[in-house]
Amino acid sequence: MLLSYDDMKLELTRFKIPSIGAVVGKLNEIHTAAMVCTAIANAHPKDYRKRLAPLAQDRIWWLPITLQRESSPISETLSRLINDHLFPVDEFWLDEEQMDYREDGTIHPGLYQHRISYDEFTDMVSTDPSELSDYAGFPLMACMLSGWIDEEFDHFWKVYNQRFKWGIPDAPKLPGSDHYLSPRVFKKELKKRGVEPLYTMFLAIDGNTGNIFFDLDYETDMPPVISPKTLDYLHREWKRSRAIARDCDQAFDLITTDPHVYVKFLDAYQTSLRKRKDR
């Protein structure tokens with residue numbers, strides 16, 4: 001919607017000469033707005049104008065007076081447009097005071113909380129088992145089988161077996177580094193036992209699904225820099241992540257309803273270990 005002559009005159013009477021940094025920042029924000037508009041138009045060509053309506057509601061966001069504001073409402077609007085029409089962003093990135101596209105050209109996608117870092121694993125191990133969520137049983141077993149704990153393996157196994165009712169009182173005797181887990185065989189063995197969704201959950205815990213919404217680690221990975229290509233990519237990844245999320249939901253259902261799920265998982269895991277060939 002175009003501004004009236006009186007609106008423009010009012011703004012000009014309030015105009016203050018901005019700094020070079022403020023001008024550059026505002027141009028960065030406008031550039032970001034253009035990229036977000038392009039991505040939403042590509043993703044929703046039939047009704048992108050309606051989706052972009054919030055940009056038109058603040059009629060004076062582009063005028064020079066906005067260069068003087070400490071925070072930028074348009075940056076918050078852009079993040080909400082991304083969140084509502086392309087892919088979810090981290091909650092703090094929706095906060096006007098936390099992000100500002102005048103100074104930061106990155107985007108923080110909202111991630112699924114399945115990935116377990118080594119530090120998170122050690123925190124879980126050092127916590128009183130009675131204080132751990134019932135859902136912690138599967139990540140703990142997966143990480144222990146992957147070799148994340150060497151000392152007192154048998155002790156911790158017995159503790160968690162009792163806490164989470166694994167049904168496996170004796171710690172498994174796993175082969176050493178001369179063996180590896182065959183993903184193809186593992187998936188097939190889990191399917192054979194009727195617990196195939198555990199394979200996807202296993203990958204999600206390891207950050208190895210191949211999907212950024214499950215695998216990105218903000219402690220080690222840089223957040224993506226905004227560009228039309230990146231926004232399009234993240235939109236596609238978000239749509240693809242829904243199937244992975246459904247598998248993880250089914251895995252949680254199995255963990256809570258199948259009393260033999262851990263026995264089946266361990267059996268499939270051991271069956272899928274293969275000896276490395278001598279080079």
Side-chain angles (χ1 to χ4, degrees), residues 111-210 214-221 244-245 247-276:
L111 306 181
Y112 288 99
Q113 302 300 313
H114 298 315
R115 182 187 180 106
I116 301 293
S117 68
Y118 182 75
D119 288 341
E120 289 170 328
F121 171 73
T122 55
D123 286 343
M124 293 171 69
V125 169
S126 62
T127 301
D128 182 346
S130 65
E131 297 180 1
L132 293 172
S133 163
D134 290 344
Y135 291 111
F138 185 77
L140 282 167
M141 176 181 280
C143 293
M144 290 180 71
L145 292 175
S146 299
W148 287 27
I149 188 170
D150 294 324
E151 298 181 0
E152 299 186 87
F153 181 90
D154 291 358
H155 165 71
F156 280 109
W157 187 275
K158 291 180 179 178
V159 169
Y160 295 130
N161 171 73
Q162 183 176 6
R163 164 63 180 86
F164 298 108
K165 299 179 176 60
W166 287 349
I168 314 168
D170 297 324
K173 302 303 178 184
L174 301 174
S177 58
D178 60 334
H179 283 67
Y180 69 96
L181 179 70
S182 169
R184 180 182 62 82
V185 176
F186 189 32
K187 185 176 183 180
K188 183 175 70 175
E189 291 295 329
L190 288 170
K191 183 177 182 180
K192 187 187 302 183
R193 292 162 177 79
V195 291
E196 185 178 8
L198 294 182
Y199 179 74
T200 302
M201 177 62 77
F202 183 76
L203 295 179
I205 289 170
D206 191 44
N208 196 29
T209 67
F214 286 90
D215 300 346
L216 183 68
D217 184 353
Y218 284 121
E219 293 185 3
T220 58
D221 302 324
I244 302 174
D247 277 357
C248 290
D249 289 342
Q250 292 175 15
F252 277 130
D253 288 341
L254 287 168
I255 290 169
T256 56
T257 59
D258 186 344
H260 305 296
V261 65
Y262 287 106
V263 175
K264 295 175 183 177
F265 179 78
L266 177 60
D267 186 45
Y269 186 92
Q270 292 178 302
T271 303
S272 305
L273 294 173
R274 295 290 183 268
K275 187 175 180 60
R276 300 183 188 278

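All values below were derived from every heavy atom in this structure, side-chain atoms included, with hydrogens, water molecules and symmetry-related copies excluded. Bear in mind the structure is a predicted one, so any value in this text is a computation, not a measurement. This chain uses plain numbering: 1 for the first residue, then up along the sequence.
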Would you compute the distance between atom [atom1] of [X] and atom [atom2] of [Y] and round it to the nearest 0.5 angstrom?
X: K192; Y: K187; atom1: NZ; atom2: NZ; result: 15.0 Å
X: I168; Y: L266; atom1: CD1; atom2: CG; result: 4.5 Å
X: N161; Y: L140; atom1: CG; atom2: CG; result: 12.5 Å
X: E196; Y: E189; atom1: CD; atom2: CD; result: 12.0 Å
X: F153; Y: L174; atom1: CZ; atom2: CG; result: 5.5 Å

Which atoms form the tightest heavy-atom contact between [X] and [Y], and what is the distance?
X: P172; Y: Q270; answer: CB-NE2, 3.5 Å
X: L198; Y: A251; answer: CD2-CB, 3.8 Å
X: L216; Y: L111; answer: O-CD1, 3.2 Å
X: S177; Y: R276; answer: O-NE, 2.9 Å
X: S272; Y: A268; answer: OG-O, 2.7 Å
X: A142; Y: I205; answer: CB-CD1, 4.4 Å

With a 4.5 Å heavy-atom cut-off, do [X] and [Y] have their side chains touching?
X: N208; Y: F202; result: no
X: D258; Y: K264; result: yes
X: L145; Y: F265; result: yes
X: F214; Y: C248; result: yes
X: F156; Y: P129; result: no
X: W157; Y: M141; result: yes
X: R163; Y: D134; result: yes

Let me check something: any side-chain donor-acceptor pairs from residues 115-128 under 3.5 Å, sequence neighbours excluded? List them with distances.
| residue | atom | partner | partner atom | Å |
| --- | --- | --- | --- | --- |
| R115 | NH1 | D215 | O | 2.5 |
| S117 | OG | E120 | N | 3.2 |
| S117 | OG | E120 | OE1 | 3.3 |
| E120 | OE1 | S117 | N | 2.8 |
| T122 | OG1 | Y118 | O | 3.3 |
| T122 | OG1 | D119 | O | 2.7 |
| S126 | OG | T122 | O | 3.1 |
| S126 | OG | D123 | O | 3.0 |
| T127 | OG1 | D123 | O | 2.6 |
| D128 | OD1 | S130 | N | 3.1 |
| D128 | OD1 | S130 | OG | 3.1 |
| D128 | OD2 | S130 | OG | 3.2 |

(message) Determine whether a donor-acceptor pair (N or O, by modelled atom type, separation under 3.5 Å) exists between the side chain of D267 and the backbone of V263.
(response) no

(request) Using modelled atom types only, decide if a donor and an acceptor are shared between the side chain of S133 and the backbone of Y135 within a distance under 3.5 Å. (result) yes

(request) Have a look at Y269 and tell me which of Y180, Y199, F186 forms a ring-ring contact (aromatic ring centres under 6.0 Å, His included) with it. (result) F186

(message) Check this for me, if you would: do R274 and D178 make a salt bridge, where the nitrogen-to-carboxylate-oxygen distance has to be below 4.0 angstrom?
(response) no

(message) Counting only heavy atoms from other residues, nucleotides and ligands, does the tally under 6.0 Å from NE2 of H260 exceed 12?
(response) no

(message) ring pair (Phe, Tyr, Trp, His ring centres under 6.0 Å), that's the test. Do F138 and H114 meet it? Break it down for me.
(response) CA-CA 11 Å; F138 185 77; H114 298 315; over 10 Å; no

(request) Could you please spell out the steps behind the side chain to side chain contact (heavy atoms under 4.5 Å, CB included) verdict for M201 and L254? (result) CA-CA 11 Å; M201 177 62 77; L254 287 168; over 6 Å; no

(message) Check for me whether the distance between the ring centres of Y262 and F164 falls short of 6.0 Å.
(response) no

(request) Output all residues satisfying side chain to side chain contact (heavy atoms under 4.5 Å, CB included) with D249, sequence neighbours left out; order by chain, then residue number. (result) none

